[in-house]
2 protein chains.
Amino acid sequence: MVDRDPDKTRQALLFAAFTEINQNGFQAASLNNILKETAVTKGALYHHFPSKLELGYAVVDELIWGNVKESWVTPLIDVDNIIDALLSMIDRSIEYRNEDNICFGCPLNNLAQEMSPIDEGFRERINHIFDQWRAAITDGLIEGQANSIVKKTISAEASAYFIVAAIEGATSLAKNAKSVDVLRTSLQGLKEHIQTLRK
Amino acid sequence: MVDRDPDKTRQALLFAAFTEINQNGFQAASLNNILKETAVTKGALYHHFPSKLELGYAVVDELIWGNVKESWVTPLIDVDNIIDALLSMIDRSIEYRNEDNICFGCPLNNLAQEMSPIDEGFRERINHIFDQWRAAITDGLIEGQANSIVKKTISAEASAYFIVAAIEGATSLAKNAKSVDVLRTSLQGLKEHIQTLRK
DNA sequence: CTATACATACATACTGGTCGGTATGTTTAT
DNA sequence: ATAAACATACCGACCAGTATGTATGTATAG
């Protein structure tokens, strides 16, 4: 980094930190590795972020939240049929995976598992993202009930919890098994469940 | 440890390592903390285990597998009605949780998330446990189909994948939310799904 | 000129792991 | 029976390496 473009430097650090964290976890993520990857010096890093912890927080607030929003929240906003939207969202998440990236799992869940018992700052930030995600599903289901697309007998909130849980669980299993097939098979049950919510 | 009881020393190390790992993850687990906790010296530890890695493997193979077997495998062996067995197994896992232990999540899933992309030894061991667990569910469902307790139209294997995924996902969400209610709500959908497998 | 952006060298704490040595127990030879 | 030989269990100081973080300096843009 010689170009003296602070915004670019910051973004480069964030992205490298995201990758390093996603591969090794936050605690084992090495600042030196991040610096090596970006060719940024330690002084520059500590100019942009006061500590490793704050760098991690920024990764969650900016990069991870951006990813979740794009993949799991925006696709559910203002859709005609929430059931179809959920199903195609799940299909896209399967199509996105291949044998090379399946092993990294869900960045949000990875960090959640590692850091939520240790650091309250991480936990709150991650929990907020889960809340937004789940709220998007809940709202969609409620609207679907109003539009006679979704059964009125089900609890939208409970269904949203279950859907998020099943997606995260399936991603976890597939990560551990290093298998897209495991992801597909695990999510098949979820898709069938979602079909039963249809009016 | 002055009592010169090698088996007791080994078990104490394993248990302390399990706790330390469950709270901090494997990489951040400190051998010195484990030694402090058990009052075992470093020499003694390295007498029993050749490396930190092998200590971690032993925790998985012995302690974690023991827990999973007791809570999730044995309860499904030789049962009259697999559907009822699954439902009460899930209920027990909810009852076991309280506001103090909910934040630790599932030890198996914790380790899986952290270590499976980094270390193949961990991944294989953890995957083996998941396999045993899933196999117990699959076998139960197949037997249930033979005994006309479970619908013959469903795929026992796919259902087993989905059930494990949903349980792990729900435990993860609850861990992050620090809430038994989140666990209960998330698993409610799973219980309803399991009911639909009944013939 | 001054604040911002970055560079370099260093401080400090902690990590897993090693190594020489000791204490206790068990086997074996006479 | 008993001394010698050996094995197991454990001790704790110490090592090299690495971690994050800091102190101080320089270059540059406005």
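What you see is a predicted model, and the numbers here were worked out from it, not measured in a lab. Chain naming here is simple, since letters A, B, ... match the order of the sequence lines and numbering starts at 1 in each.
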Q: Which word best sums up how the rings of A:Trp133 and A:Trp72 line up, parallel for under 30°, tilted for 30 to 60°, or perpendicular for over 60°?
A: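 Correct class here is tilted.
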Q: Find the distance A:Lys8:NZ to C:dA5:P and express it as a whole number of Å.
A: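 In whole Å, C:dA5 P and A:Lys8 NZ are 15 Å from each other.
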Q: OP1 or OP2 of D:dC10 versus the side-chain N and O atoms of B:His47: is any pair under 4.0 Å?
A: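 Answer is no, no contact under 4.0 Å.
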Q: Ignoring backbone atoms, establish whether B:Thr9 has a side-chain N or O less than 4.0 Å from OP1 or OP2 of D:dC10.
A: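 True: B:Thr9 side-chain N/O within range (under 4.0 Å) of D:dC10 OP1/OP2.
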Q: What is the distance, rounded to the nearest whole Å, between atom CG of B:Leu45 and atom P of D:dG12?
A: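 Going from B:Leu45 (CG) to D:dG12 (P), I get 14 Å.
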Q: Does the protein touch nucleotides 13-19 of chain D at the base, only the backbone, or not at all? Give it as B, S and - per nucleotide, heavy atoms under 4.0 Å.
A: ------S
Q: Ring-plane angle category for A:Tyr57 and A:Phe122, please: parallel below 30°, perpendicular beyond 60°, tilted otherwise.
A: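 A:Tyr57 vs A:Phe122 ring planes: perpendicular.
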Q: Starting from P on D:dG12, measure out to OH on B:Tyr46 and report it in whole angstrom.
A: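 To the nearest whole Å, that distance equals 17 Å.
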Q: Nearest whole Å is fine: how far is D:dC10 P from B:Arg10 CZ?
A: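 Going from B:Arg10 (CZ) to D:dC10 (P), I get 12 Å.
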Q: Report the distance from atom CG of A:Leu35 to atom C1' of D:dT20, rounded to the nearest whole Å.
A: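 Between C1' of D:dT20 and CG of A:Leu35: 11 Å.
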Q: Rounding to a whole Å, what distance do you find between A:Leu55:CG and D:dG21:C1'?
A: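 It works out to 13 Å between those atoms.
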Q: Centroid-to-centroid, A:His193 to B:Phe162, below 6.0 Å?
A: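 Ring-ring flag for A:His193/B:Phe162: false, centres at least 6.0 Å apart.
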Q: Going through the distances and angles, do A:Arg198 and A:Asp84 end up as a salt bridge (Lys or Arg N to Asp or Glu O under 4.0 Å)?
A: CA-CA 9 Å; A:Arg198 210 188 284 272; A:Asp84 294 336; 3.1 Å; yes
Q: Quick one: is D:dT8 close enough that its OP1 or OP2 comes under 4.0 Å of any side-chain N or O from B:His48?
A: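 Checking B:His48 against D:dT8: no side-chain N or O falls below 4.0 Å of OP1 or OP2.
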Q: Is A:Lys178 salt-bridged to B:Glu120, going by a charged N under 4.0 Å from an acidic O?
A: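 Salt bridge between A:Lys178 and B:Glu120, a charged N being under 4.0 Å from a carboxylate O: yes.
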Q: Quick one about A:Lys175 and A:Asn109 (side-chain donor to acceptor, distance below 3.5 Å, no hydrogens or angles considered), yes or no?
A: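 No.
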Q: B:Lys36 has an atom NZ; how far is it from atom C1' of D:dG12, in whole Å?
A: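 My rounded result for the distance is 15 Å.
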